[in-house]
Structure formats: structure tokens, C-alpha cells
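Small disclaimer: the values here were computed from a predicted structure and weren't measured.
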Amino acid sequence: MKHLKMSLAGSALLALGACSDAGIGDAFFDEAGGYLDDGSFGNATMNNTLVQNGTINYVIDLNERFAAAVPTTVNFEFNSSTLDGAARAAVRQQAHFMAQFPEVRFRVYGHTDLVGSDAANKRLGKRRAEAVVAELARNGISRSRLEALVSYGEQRPLIVTEERERRNRRTVTEVSGFVSKSALVMDSRYAEIIHREYISSATAPSDLVDFGQSLIEE
């Protein structure tokens, strides 16, 4: 009987050694589930920690995501602050993103081309920023979260030319901060944002048509 037990024990060790050679048995000595980690398993927790202690500026991070997700620039006709169809479509996308983050404030900067006086262009840039804010409000975003207070006028052209240039006649929308006075999204408020993102990422896209919105657009 003693020899049988030793034989079984030896067989078990050999089997475990074979598994170890295959890279499978190693998990026997590791933390449960550890072999599933491809190197990024702890990134989400680490990112949360860095945001909470201020190591990562969440405003900068969210602004980068905003710029990657939606068109942040709206262009205008010469000497005009009227939104055309393409501009309204871009603002709708901006509003959809903003609606997912009710804690966040946004600022709209107005720009012009180099045609005309600096004073006139600053006023025009301001009107363009105000037009975008008004359109965002019509799409359900509270004006308390929106600012159109700064106009660069003609001071920051994308294309340096004295001629009319549509790409310079624009507004740019950016994340500016949070609704509260705190510079950070802390504790449960940050958890609410993460929870919404998880729910959104797990929701399958729908093929249903919003007939009400279709009628409005037509």
C-alpha cells in the first residue's frame, strides 16, 4: 500500500511537471485568474487612482476623448454667424457627447479669417460662439454648462492668408471644467461616469429609426 501511495504521488508530480512545461501548471501556484492577465488587467484601477489623486488631469483626458469622438470644429460662411446644415449636424454630435457627462462644462471659442478689422472680427467670433451655444441648448444641453465668453477673432488662423478662408471661420468646442467648484471628479461621482460608460459600451446599436427626429430634419 505504501509503495502504491508513493507511486501515485510520483505520477502526480510528473503530471504537474508536464503541465508546468506546457505553461499551464504554473497557474497552480499563482493567484486565481492571474494567468488571464495580458498585462493590462490593472490599468482601469490604476487610471481611477491617478484621477482621484490628481496625477492625471481628467479635464485634459476627457477633452482628448471629446475631440476624438465628435467634430469639435464648426465652420461658417463669410461674415456670417448662421449655422448651416453641416454645422447643425456637428453640434448635434457634440450635444450627444455632452449629455453623457452632465458634470462637465464646455467652452466655445469663436474665430474668423483675416478679412476685416480686428475689432469687427472679435465681435463676429463672439457671435459665432454664441450661435453654437444656442444650438447646443436647443439640443438639450443646459446653458449653465456652456460658455461663449472668449473670442480669438482673427488672432489664431489655421491657414495664414489675408484672403477669405473658410477653415479660419470657425468655432472650436472644448471641455473647460466641472459643474462643481472642485477640479476633480471624486468618489461616487467618478464611479457614476465610469458606470455610464460601461453601460453604453455594452449596449448594442439599434436599427430603429427615430421618425420624429427624421420629420424634424426633413
Side-chain angles (χ1 to χ4, degrees), residues 43-44 47-48 51 56-77 80-111 125-152 158 166-180 182-218:
N43 285 355
N47 184 73
N48 292 352
V51 170
I56 291 180
N57 189 326
Y58 191 75
V59 173
I60 294 176
D61 178 64
L62 189 57
N63 194 53
E64 291 175 350
R65 293 173 56 191
F66 178 57
V70 302
T72 58
T73 299
V74 170
N75 294 105
F76 295 82
E77 295 298 325
S80 172
S81 59
T82 301
L83 298 172
D84 59 19
R88 288 194 297 272
V91 173
R92 278 197 299 272
Q93 294 182 60
Q94 293 181 17
H96 178 72
F97 184 98
M98 293 176 183
Q100 301 174 60
F101 299 90
E103 305 87 351
V104 180
R105 294 175 60 86
F106 293 82
R107 182 176 291 130
V108 182
Y109 296 90
H111 302 260
K126 180 67 175 298
R127 292 197 300 273
R128 287 171 173 168
E130 290 172 341
V132 170
V133 165
E135 186 67 16
L136 287 168
R138 280 192 287 272
N139 279 270
I141 306 303
S142 171
R143 283 182 177 268
S144 65
R145 299 172 52 207
L146 304 170
E147 295 178 280
L149 303 178
V150 179
S151 169
Y152 288 121
L158 290 177
R166 179 176 174 83
R167 284 170 290 182
N168 290 337
R169 302 191 299 266
R170 69 196 190 281
T171 61
V172 179
T173 306
E174 297 181 356
V175 175
S176 62
F178 296 96
V179 173
S180 70
S182 174
L184 296 175
V185 180
M186 298 298 289
D187 303 327
S188 62
R189 293 184 58 214
Y190 185 66
E192 289 172 4
I193 291 177
I194 297 301
H195 177 71
R196 289 199 305 271
E197 292 179 355
Y198 279 132
I199 295 300
S200 177
S201 66
T203 302
S206 174
D207 295 329
L208 298 177
V209 177
D210 187 340
F211 292 102
Q213 183 63 38
S214 299
L215 292 174
I216 292 176
E217 293 177 357
E218 293 175 359

Exercise. Residues two or more places apart in sequence or in another chain: which of them pass side chain to side chain donor-acceptor pair (under 3.5 Å) with E135?
Worked result: R138
Exercise. Ignoring hydrogens and geometry, is there a side-chain-to-backbone donor-acceptor pair from N63 to E174 under 3.5 Å?
Worked result: no
Exercise. Which atom pair, heavy atoms only, marks the closest approach of V133 to A148?
Worked result: CG2-CB, 3.6 Å
Problem set entry | Heavy-atom side-chain contact between L146 and V108 under 4.5 Å | no
Seminar exercise, completed: Taking every heavy atom of H96 against every heavy atom of Q100, the minimum-distance pair comes out as O-NE2, 3.4 Å
Seminar exercise, completed: In terms of heavy-atom contacts, Y109 and H111 come closest through O-CD2, 3.6 Å
Exercise. When you measure from the side chain of R128 to the backbone N and O of K126, does any donor-acceptor pair fall under 3.5 Å?
Worked result: no
Exercise. Which residues satisfy the ring-ring contact (aromatic ring centres under 6.0 Å, His included) test with F76, sequence neighbours excluded?
Worked result: none
Exercise. What residues, two or more places apart in sequence or in another chain, satisfy side chain to side chain contact (heavy atoms under 4.5 Å, CB included) together with E64?
Worked result: I60
Exercise. Residues two or more places apart in sequence or in another chain: which of them pass side chain to side chain contact (heavy atoms under 4.5 Å, CB included) with R166?
Worked result: N75, E77, D84, R169
For this session: With sequence neighbours excluded, tell me which residues meet side chain to side chain contact (heavy atoms under 4.5 Å, CB included) with P71.
Result: A90, Q93
For this session: For S142, enumerate each residue passing the side chain to side chain donor-acceptor pair (under 3.5 Å) test, keeping only those at least two apart in sequence or located in another chain.
Result: S144
Exercise. Roughly how far, to the nearest 0.5 Å, is CG of N139 from CZ of R88?
Worked result: 10.5 Å
Seminar exercise, completed: In short, A95 meets I141 closest at the heavy-atom pair O-CD1, 3.5 Å
Problem set entry | Gap between atom CG of L136 and atom CZ of R145 - 0.5 Å precision | 9.5 Å
Exercise. Would F66 and F106 count as a close aromatic pair, with their ring centres under 6.0 Å?
Worked result: yes
Problem set entry | Nearest heavy-atom neighbours spanning A131 and S81 | CB-O, 3.3 Å
Exercise. Where do M98 and V104 land on the side-chain contact (heavy atoms from CB on, under 4.5 Å) test, with the steps shown first?
Worked result: CA-CA 8 Å; M98 293 176 183; V104 180; over 6 Å; no
